[in-house]
Amino acid sequence: MALARVARSSLRRSGGGIGCYSSGREIFCEGVSAERSALPSFDNVKANGNSSFFSGTMKVDHSSFWRRGVTTTPHYHSPLAERIVEGTELGLDHEEPRYAGLEATKPGEKPRVVVLGSGWAACRFLKGLDTRIYDIVCISPRNHMVFTPLLASTCVGTLEFRSVAEPVSQIQSALATEPNSYFYLASCTGIDTNKHEVYCETLSNGLLPREPHHFKVAYDKLVIAAGAEPLTFGIKGVKENAYFLREVNHAQEIRKKLLLNLMLSENPGVSEEEKKHLLHCVIVGGGPTGVEFSGELSDFIMKDVEERYTHVKDYIKVTLIEANDILSSFDVGLRQYATNHLTKSGVQLKRGIVKEVLPKEIILNDGTVVPYGLLVWSTGVGPSEFVKSLNLPKSPGGRIGVDEWLRVPSVEDVFGLGDCAGFLEQTGKPVLPALAQVAERQGKYLVELFNRIGKQDAGKAFSAKNIPFGDPFVYKHLGSMASVGGYKALVDLRQSKDAKGISLAGFLSFLIWRSAYLTRVVSWRNRFYVAMNWATTLAFGRDNSRIG
C-alpha cells in the first residue's frame, strides 16, 4: 500500500498532475499535462493495445474547419497512461478511471441505435427510424443538417442562413421528447467494437468545469455517417488561407470577408492596385459547388455591387481555376454551355494546378502568380482524419469499407453511410460518388432494413447474425443539376457519364432546378423560408449588411 501511494505521488509530480474525484460508482480523472489522454478502460491496453479506440486516438490530427459529419480533436497516447498500466502490471493498487455515459441496454429495454453525424445520410436514417422499436442517440458537432445544394446562395445574401439549416430534433422528434433518446453535441474520438462503445469529446468552448469533457455511449447498433472533409491534396497554405464551402459557418465567413473587402476598397487612400487585389475573388475547383458559387457571385456583382458599390464596381473580378474541364461529370454540351455562360457573365476561367497558397496570392505549377482578396477552395472531399484513424477495413480511397448491405463486415453491428463509407473491393462494386442523393438513398435503404430486423427482435447487440437482410443496396443515379447564375441552370438526367439521356440548359432548367430543390428541402418551414427569400431577392435585391 505504501509503495502504491509513492507510485501515485510520483505520477502526479511527473505527469503534470492528475486529479480524481468520484460520484457514486463512477470515478472521473482530469489531467492538466501538455499531453492529453482519453482513457475509457485499461483492459484493452493490457491485452494487446490494438483496440479500435486506441488505434483511433493515437493518430487523429485536428483540423480547424468544421466538417459535414463528426469532427475530431487531437489526442495522443500519453506517457502518463503507459505509467499507470505499468503500475497495474506490477500489482499496484489503483482506481481505474471511467467515463460517464450511457451503459449497455438491459433486457426488456429497447435496443439503442447510435448515429455518428448529422448530414444527409444520418438525417434520412434518423427521420425514418421506428422509435417504437429503437431508442436513438445522435452524436455530432452540429445540431442541424445543412441543405448543401443551396449553401452557395447564402454567401451573397440570396438566401438566409437559417433557410438551409434544419435542426436534428425537428427531423427526429424522439431526440427531444423520448426519455431514452438523446442528441449530444460532441465529436466521436474512438470506437471499441468489442465492447460496443463509442467515446466522445464535447464541444463546449471552455464552458464546462472539466475540459475536455469525455463520455462514452454503449450501442446495440452503430451507424457511422461522419461525412468527409475537403481535399487539399497536401498543398501548402490551403487550410491556413482558403475558405471551404461545406458548412453554414463557412458560408458566413465567406460572406463577411466578401463584404469587408468591398467596404475596405472604398476607403480613401486605397490605390487602384490594392482595390484590384482586394476585390479579386478566386474559386479553385470546377465542380458543381465551384460553378454554382461562381454563378452566384456573378449575379451579385451584376445586380447588387454595380448598384450599391458604384465606386469600386469596375475593380471586382471572379476567377475560376480548374485543372481540367469544369463540371467533368456533365454532358459535353452542358459543359460548353456553362463555359460560355460564365464567360459572358464576367467569370474568368483559368486552367491550372495550384502549387502553393500564400496569404495574398496563389502560385500555380507553371509559375503563374494569382493575387486574391477572397479564396474559396472547392476541389472535392475525401476521408476525414477520424475515419482514417479507425481500425476498420477501408474501401479504395480510404473510406470505411462496407458490403452490399452497408455493413462493416469484420465487426458486429456496425454500418457505414454516406461520404465516409464505400464498397469494399471484394464486393465488385465501385465506390459511389460523394453526392447528397447517394447519401440520402443509403439512409433510406438502411432505415428500412433496421425497421425490418427490429420487428424480428434482431435490434439488440449480436442478435442479427442469422437474420436475412433481404435485397442488397443498389444505387441508380437520378441525374445532376447545377445553377450557373443569370436565371440559367443545367439539368443532366443521364444515369451515368457515358449513358445517353435528356440534357437541358437555360431558363427552363433553372425552373426545374429551383422546383426540385424546393421540394427536397426537409421541412415545410424551410420551404417557406426559401421561397420567401427568393421572392424578396427578386423584388428588393440582396441584403449587403455585414453582421459580426
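Note that the structure is predicted; figures quoted are calculated from it, not measured.
- A side-chain donor from one of T148 and W120 sits under 3.5 Å from a side-chain acceptor of the other.
- Remark: E425 CD is loosely packed, at most 12 non-hydrogen atoms of other residues, nucleotides or ligands lying under 6.0 Å away.
- Checked by atom type and distance alone, the side chain of D325 never pairs as donor or acceptor with a backbone atom of S328 at under 3.5 Å.
- Proximity of V282 to V376: side-chain heavy atoms (C-beta onward) are nowhere separated by under 4.5 Å.
- Checking each of F415, W405, Y445 against F450 for a ring pair (Phe, Tyr, Trp, His ring centres under 6.0 Å) leaves exactly one that passes, namely F415.
- Side-chain contact between I191 and L222 is present, with heavy atoms from C-beta onward closer than 4.5 Å.
- Of all the heavy atoms in V347 and S298, the pair that sits closest is CG2-CB, 4.1 Å.
- Between the side chains of Q336 and T339, no donor-acceptor pair is found at a separation under 3.5 Å.
- In this structure, the side chains of L245 and L151 come closer than 4.5 Å at one or more pairs of heavy atoms.
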Apply side chain to side chain contact (heavy atoms under 4.5 Å, CB included) to L432 and F473, showing your working.
-> CA-CA 12 Å; L432 296 173; F473 173 75; 3.9 Å; yes

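- Counting heavy atoms from C-beta outward, R399 and V431 have side chains that approach closer than 4.5 Å.
- In the displayed structure, E273 atom CD is contacted under 6.0 Å by at most 12 heavy atoms of other residues, nucleotides or ligands.
- Distance alone, capped at 3.5 Å, places no donor-acceptor pair between the D419 side chain and the A228 backbone.
- Using a 4.0 Å cut-off between a side-chain N of Lys or Arg and a carboxylate O of Asp or Glu, K275 and E272 do not qualify as a salt bridge.
- Shown here is F233, whose CZ atom has more than 12 heavy atoms of other residues, nucleotides or ligands within 6.0 Å.
- Between R255 and D543 there is a salt bridge, with a side-chain nitrogen of the basic residue lying less than 4.0 Å from a carboxylate oxygen of the acidic one.
- With hydrogens and angles left out, the side-chain atoms of E404 and T427 include no donor and acceptor closer than 3.5 Å.
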Between V414 and R407, does a side chain to side chain contact (heavy atoms under 4.5 Å, CB included) hold up when you go through it step by step?
-> CA-CA 6 Å; V414 180; R407 299 175 299 187; over 6 Å; no

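- With 3.5 Å as the limit, one finds a donor-acceptor pair spanning the side chains of E166 and S523.
- Side-chain contact of Y475 with Q437: a donor-acceptor pair under 3.5 Å is present, judged by distance alone.
- Taking the charged nitrogens against the carboxylate oxygens, E440 and R520 do have a contact shorter than 4.0 Å, which makes a salt bridge.
- Around atom NZ of K394, more than 12 heavy atoms belonging to other residues, nucleotides or ligands sit under 6.0 Å away.
- Relative orientation of the H250 and F244 rings is tilted, given thresholds of 30° and 60° on the angle between their planes.
- Atom NZ of K127 is surrounded by 12 or fewer heavy atoms from other residues, nucleotides or ligands within 6.0 Å.
- V270 places none of its side-chain heavy atoms less than 4.5 Å from the side chain of L264.
- Enclosure of atom NZ in K429 by more than 12 non-hydrogen atoms of other residues, nucleotides or ligands within 6.0 angstrom is indicated.
- Not a single donor-acceptor pair under 3.5 Å links the side chain of Q495 to the backbone N or O of H477.
- G117 and A122 make their closest contact through O-CB, 3.3 Å (heavy atoms, listed as atom of the first residue, atom of the second, distance).
- Contact annotation: the side chain of V357 approaches that of Y372 to within less than 4.5 Å [non-hydrogen atoms, C-beta and beyond].
- No donor-acceptor distance shorter than 3.5 angstrom exists from the side chain of T158 to the backbone of T154, with no hydrogens or angles considered.
- Atom-to-atom distance recorded for L490:CG and H341:NE2 is 9.0 Å, nearest 0.5 angstrom.
- With a 6.0 Å radius and a threshold of 12 heavy atoms from other residues, nucleotides or ligands, D471 has its CG atom at or below the threshold.
- No side-chain heavy atom of V402 sits under 4.5 Å from any side-chain heavy atom of S395.
- R527 places a side-chain N or O within 3.5 Å of a backbone atom of V521 that can act as its donor or acceptor partner.
- Using a 3.5 Å distance cut-off with no hydrogens or angles, the side chains of S163 and N533 do pair a donor with an acceptor.
- V137 places none of its side-chain heavy atoms less than 4.5 Å from the side chain of V115.
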Chi angles and distances behind the side chain to side chain contact (heavy atoms under 4.5 Å, CB included) call for I362, L364 | CA-CA 6 Å; I362 298 171; L364 303 183; 3.9 Å; yes

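- Between the CG atom of D304 and the OG1 atom of T537 there is a distance of 8.0 Å, given to the nearest 0.5 Å.
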Step-by-step side chain to side chain contact (heavy atoms under 4.5 Å, CB included) determination, I363 to L358 | CA-CA 8 Å; I363 301 175; L358 301 175; 3.8 Å; yes

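- Atom CG of D492 and atom CZ of F330 lie 6.0 Å apart (nearest 0.5 Å).
- Residues R142 and E247 are paired through a salt bridge, judged by an N-O separation under 4.0 Å between the basic side chain and the carboxylate.
- For Y517 and W513, the gap between ring centers is short of 6.0 Å.
- We find the CD-OG distance between E322 and S378 to be 9.5 Å, quoted to the nearest 0.5 Å.
- Smallest separation of non-hydrogen atoms from C420 and I224: SG-O, 3.4 Å.
- Atom CD of E274 is separated from atom CG of L279 by 11.5 Å, given to the nearest 0.5 angstrom.
- Expressed to the nearest 0.5 Å, how far NZ of K256 lies from CG of N249 amounts to 10.0 Å.
- Contact between K257 and L374 at its shortest, heavy atoms only, is CG-CD1, 3.6 Å.
- Geometrically, R542 does not engage F300 in a cation-pi contact defined by less than 6.0 Å to the ring centre and at most 45° from the axis.
- For the residue pair S118 / S140, a side-chain donor-acceptor distance below 3.5 Å is found, with atom types taken as modelled.
- One N or O on the side chain of T379 and one on the backbone of L231 form a donor-acceptor pair closer than 3.5 Å.
- Residues G128 and N451 come closest through the heavy atom pair O-ND2, 3.1 Å.
- Taking every heavy atom of both residues into account, N241 and P359 meet most closely at OD1-CA, 3.5 Å.
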